[in-house]
2 protein chains.
Amino acid sequence: MKSSSGIPKATVERLPRYLRCLEALSPLRATISSTDLAKLSNMNAAKVRKDLSHLGTYGVRGVGYDAELLRFQIKRELGLTREWDVIIIGVGNLGSALANYGGFVNRGFSIVGLYDADMTKVGMRMDGRIIRHISALESDAGRDGISIGVITTPAEVAQDVATLLVDCGVRSILNFAPAELDVPDTVHVRQVDLATELQILSFYMSGGTPEAIDA
Amino acid sequence: MKSSSGIPKATVERLPRYLRCLEALSPLRATISSTDLAKLSNMNAAKVRKDLSHLGTYGVRGVGYDAELLRFQIKRELGLTREWDVIIIGVGNLGSALANYGGFVNRGFSIVGLYDADMTKVGMRMDGRIIRHISALESDAGRDGISIGVITTPAEVAQDVATLLVDCGVRSILNFAPAELDVPDTVHVRQVDLATELQILSFYMSGGTPEAIDA
DNA sequence: TAGATTGTTAATCGATTAACAATC
DNA sequence: TAGATTGTTAATCGATTAACAATC
């Protein structure tokens, strides 16, 4: 008995990157080698082959991978052969930007609901959808079966929103609020923190530890 | 001779998280143990101690860490005792959201410029700053000394923008465009791809490989 | 056949974790 | 002193990479 998926975490997190490179490829290109895909994705050819080997053996020795087939296999592995319903909670600057962002729809995600606690926003139309009050979430969720909740609220209320989502049966959360979320471990959380990214860059710009000066 | 910083990559990427937890702490709280910090940051106490040991020995056996001192040491290590100047290229939905996002300023980052290629946007005022044309970037950069460039353009032009930034002397890039950037390895790139995050969640929702069904 | 490239093995490297002596 | 908690060691685990036999 092995774990529900034999694919290592690190590989899963790289598959979308390969997919993105394959989709950007000229449609005329029939095959691609691990070396070429490595170059496109800023990766190492051995790593590419090892990652792809987890999908099955879709490469042809001496030739490479069928680009179209590989694209499909990655999508299948990532569960992107179906469409997932996404809701956004918190229609501030970032939430609005995501609601209007075209990059989701053509990548397998459909934004089916926008929620906010601010009554002055409720009822407003945004990219064809009406903003609903957060209190409507529970009944909506029961009817619609939401796959992913995106949290773009202020940090102070992020935990409450996460708890509400979990109570509504949502098992995947993408959290943009700079707050740690405490959820059952049946729930998957991906955290994106914009300030964190800048802080990591800051570390490398400042050149590491002061001790390194006496090198 | 060791590398310019002895701190492992994985630790650097966790320091902002500890920092965020410490800043959310009650100001009355004088000390914090590795166990408590681990709970707050959804981490393991041994990992916390190991990470913090890279900063020096600021803990006290039997007592814990001085919360305020620890906060300062992490900020110092991350290079956050100074302020970094940030520019945003591409004032679309996401770029505008970031320009108006308060979370940067009080975390050590100052947005000093907004650029776009669209002449209808150039000259517009946004959160007190005037959007300038991308062609002005080169001379502005020479005068101002920009630390970090944030790319929020369409994917198609992201590489050109990155190249321009590098030519302007920018050595740290935060890229939101779903495109792989090819830059010299003196330049640090952090990539944030919103669709990628959803795709990773999709993988775990769909339960891994089909082969797993016959378990 | 000769050249190219995969799939996989085995070595290496780095990160995580448990355990515990040191010490407040 | 007794209890608590760090800092660090050593074991473990997982990820990366080079190398090459298999094979198109």
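Chain naming here is simple, since letters A, B, ... match the order of the sequence lines and numbering starts at 1 in each. None of these values were measured; they are calculated from a predicted model.
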Requested in this report: For C:dA4, take OP1 and OP2 only and decide whether either is under 4.0 Å from a side-chain N or O of A:Y65.
Outcome: no

Query raised in the report: What class does the angle between the rings of A:H188 and B:Y204 fall in, given that below 30° is parallel, 30 to 60° is tilted and above 60° is perpendicular?
Result: parallel

Query raised in the report: What is the distance from CD1 of B:I32 to P of D:dA4, rounded to the nearest Å?
Result: 18 Å

Query raised in the report: Below 4.0 angstrom from OP1 or OP2 of C:dT5, is there any side-chain N or O of A:S34?
Result: no

Report task. Measure from the side-chain N and O atoms of B:N175 to the backbone N and O of B:A179, and report whether any donor-acceptor pair falls under 3.5 Å. Result -> yes

Query raised in the report: Rounding to a whole Å, what distance do you find between A:H54:NE2 and C:dT6:P?
Result: 16 Å

Requested in this report: Show the numbers, then the answer: is there a salt bridge (Lys or Arg N to Asp or Glu O under 4.0 Å) between A:D36 and A:R29?
Outcome: CA-CA 12 Å; A:D36 288 350; A:R29 176 123 182 206; 2.7 Å; yes

Report summary line: Across every strand shown, the nucleotide meeting Watson-Crick or G-U wobble geometry with C:dT16 (both distances under 3.5 Å) is D:dA11

Query raised in the report: Taking atom types as modelled and ignoring hydrogens, do the side chains of B:Y18 and B:D51 form a donor-acceptor contact shorter than 3.5 angstrom?
Result: yes

Query raised in the report: Do you know which of B:V157, B:I173, B:I88, B:I87 makes side chain to side chain contact (heavy atoms under 4.5 Å, CB included) with B:I151?
Result: B:I173

**Report entry** Separation of atom CG in A:L37 from atom P in C:dT5, rounded to whole Å
**Finding:** 14 Å

Query raised in the report: When you measure from the side chain of B:T163 to the backbone N and O of B:Q159, does any donor-acceptor pair fall under 3.5 Å?
Result: yes

Requested in this report: Can you check each nucleotide of nucleotides 14-24 of chain C against protein heavy atoms at under 4.0 Å and return B for base, S for sugar-phosphate only, - for none, in 5' to 3' order?
Outcome: -SSBBB--BBB

**Report entry** G-U wobble or Watson-Crick pairing nucleotide for C:dA22 (cut-off 3.5 Å, both distances)
**Finding:** D:dT5

**Report entry** Protein-nucleotide distance (A:L70, atom CG; C:dT6, atom C1'), rounded to Å
**Finding:** 13 Å

Requested in this report: For A:T35, answer base if it contacts any base atom (sugar-phosphate contacts may also be present), sugar-phosphate if it contacts only those atoms, and nothing otherwise; contact means non-hydrogen atoms under 4.0 Å.
Outcome: nothing

